[in-house]
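The analysis underlying the following values was restricted to heavy atoms, covering all of them including side chains, and did not include hydrogens, waters or symmetry mates. All of these numbers come straight from a predicted model, not from anything done at the bench. Just so it is clear: chains get the letters A, B, ... in the order the sequence lines come, proteins before strands, and each one is counted from 1.
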2 protein chains.
Amino acid sequence: MRASDKAYASLREDIIEWRLAPGTVLGEVEQSARLGVSRTPVREALGRLTAEGLTTAAGGRGVVVTAISLEDIDELFELRETLEAKAAALAAVRGERRVFEQLHAELLEAPALLEAGDPARHEYYALVGRLDDAIDTAISNSYLAQAMRSLRVHLVRVRRLAADDAARLGAAAAEHASIAEAIASGNPRLAEAATILHLHRSLSHIKNSNLKAGNTSH
Amino acid sequence: MRASDKAYASLREDIIEWRLAPGTVLGEVEQSARLGVSRTPVREALGRLTAEGLTTAAGGRGVVVTAISLEDIDELFELRETLEAKAAALAAVRGERRVFEQLHAELLEAPALLEAGDPARHEYYALVGRLDDAIDTAISNSYLAQAMRSLRVHLVRVRRLAADDAARLGAAAAEHASIAEAIASGNPRLAEAATILHLHRSLSHIKNSNLKAGNTSH
DNA sequence: GTTTCCCGGAATGTATACAAAATGTTCGAG
DNA sequence: CTCGAACATTTTGTATACATTCCGGGAAAC
């Protein structure tokens with residue numbers, strides 16, 4: 001593994017997991033010392049992170065971890081709804097029916113995964129990730145897939161902000177199952193509707209749990 | 001101006017203007033010699049270009065200029081329609097009416113610009129660019145604006161492929177005027193429809209002139 | 001004749017030394 | 001006391017030397 005990849009992965013993980021708070025300045029020398037590599041790979045890693053929007057060049061004084069405000073979350077979901085609704089509709093038309101029937105069946109069993117001992121819900125998130133991947137493949141549009149991938153980075157960061165209690169995850173699993181079912185049925189308008197419904201509920205949940213915690217993060 | 005910015009701007013320009021053909025390998029040493037800067041800024045420039053999708057890392061043997069196939073153009077416009085239709089709708093709701101009324105009036109006068117002596121149609125493209133900027137501002141969504149900006153890079157490249165004759169540009173100006181008018185009227189569905197209409201005609205024109213030229217570029 | 005292994009060369013990946021720019025501070029004048 | 005300018009420090013930006021990896025050619029074995 002290249003040193004620049006290592007630096008990138010490490011920094012990215014730290015930002016997404018909120019171990020590096022928004023506003024933190026990431027100096028090149030400081031990070032190269034912390035990560036045990038020289039400035040060059042750190043520099044490349046910071047460049048990649050800035051291109052993704054996880055950090056922002058602060059002109060002369062290093063790069064800073066980008067903040068996510070409540071307005072940002074609204075904007076993020078506005079774009080997400082646009083992209084994912086279209087993607088679901090395309091998947092319903094172009095996707096392979098059996099793939100999504102299979103995912104639908106598995107998602108119906110998801111509550112069992114949530115009751116298992118894993119506190120990180122690893123298997124559950126992996127299953128949802130497989131649905132995302134299946135949609136990405138089905139749409140046959142690399143530009144749209146790329147746009148969604150770049151969005152997901154920010155969304156994972158937002159998700160960590162919300163309280164992912166078992167109740168919400170169970171409901172989300174049912175919503176995902178509906179999306180998979182709609183795509184499998186080959187009905188693009190239905191797939192769109194199921195996606196929009198899921199995203200609205202997801203956004204409401206995030207904003208609610210955020211409101212309670214008083215977590216504005218700037 | 002930083003050397004890396006210079007290298008980036010120069011390479012980007014060369015790729016967009018098709019002076020660097022798709023498939024061309026861009027070696028770091030070779031480009032640093034050609035551009036008169038050292039490998040480090042060239043490396044950063046190539047990284048940025050790869051992040052944008054204009055070049056692709058070829059693993060071990062430099063980066064290559066990305067090809068644009070006819071399928072890519074279809075995919076590009078599929079995403080473009082999704083994003084710009086949404087943007088137009090949002091602009092109709094959130095934008096300042098007078099800005100788009102002004103642009104509408106100017107776009108109706110665009111044919112005069114096309115008859116002026118400038119073969120590059122500099123003023124015409126500047127006017128269309130101002131419409132794009134106005135929409136970007138009106139939507140109040142930095143993520144959506146960013147997604148559209150990253151798309152436009154590829155679209156400029158595609159546009160160079162098409163024969164931008166005066167007839168098509170005149171029609172396009174009328175279509176842009178319709179979009180501005182629809183946004184000014186505050187009707188999101190109308191703005192969406194005007195945008196979709198324009199994009200479909202634009203795509204048809206590109207595919208037609210491309211068919212005639214037999215220009216597949218891989 | 002085909003395949004596989006190894007070696008050579010040229011490319012990228014990394015580290016570090018040096019240059020330049022920007023910021024924060026401090027000193028001085030008003 | 002406040003404002004401003006100049007300086008010092010700390011940061012990023014660039015160049016280059018060195019390490020490493022990867023591809024391709026060629027020879028030998030099957």
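- Electrostatic pairing of Arg48(B) and Asp5(B) counts as a salt bridge here, judged by a charged N lying under 4.0 Å from a carboxylate O.
- Nearest heavy atoms, Gly186(A) versus Pro188(A): O-CD, 3.2 Å.
- dG13(D) atom P lies 7 Å from atom CD of Glu44(B), rounded to whole Å.
- Across all non-hydrogen atoms, the minimal contact from Ala166(B) to Arg121(B) is CB-NH2, 3.8 Å.
- Interface limits on DNA chain C: the 5'-most and 3'-most nucleotides within less than 4.0 Å of chain B heavy atoms are dT12(C) to dT14(C).
- Take the nearest nucleotide of DNA chain D for Arg39(B) and for Leu26(A): the residue whose nucleotide is more 5' is Leu26(A).
- Positionally, the nearest nucleotide of DNA chain C for Ala3(A) lies more toward the 5' end than for the other of Ala3(A) and Ala58(A).
- Contact record, Leu79(A) with Asn141(B): N-ND2, 4.3 Å, taken as the closest heavy-atom pair.
- Val42(A) has its side chain within reach of Leu46(A): a pair of non-hydrogen atoms, C-beta onward, lies under 4.5 Å apart.
- In this structure, the CG atom of Leu46(A) is 8 Å from the P atom of dT12(D), given to the nearest Å.
- What separates CE of Met1(B) from P of dT14(D) is a distance of 11 Å, to the nearest Å.
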In a table with atom names and distances, give each donor-acceptor pair under 3.5 Å that connects a side chain of residues 150-157 of chain B to protein atoms at least two apart or in another chain.
from	atom 1	to	atom 2	distance (Å)
Ser150(B)	OG	Ala147(B)	O	2.9
Arg152(B)	NH1	Asp136(B)	OD2	3.3
Arg152(B)	NH2	Asp136(B)	OD1	3.3
His154(B)	NE2	Glu52(B)	O	2.9
Arg157(B)	NH1	Thr66(B)	O	3.2
Arg157(B)	NH2	Thr66(B)	O	2.6

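- Rounded to whole angstrom, the span from the CG atom of Asp5(B) across to the C1' atom of dG13(D) amounts to 10 Å.
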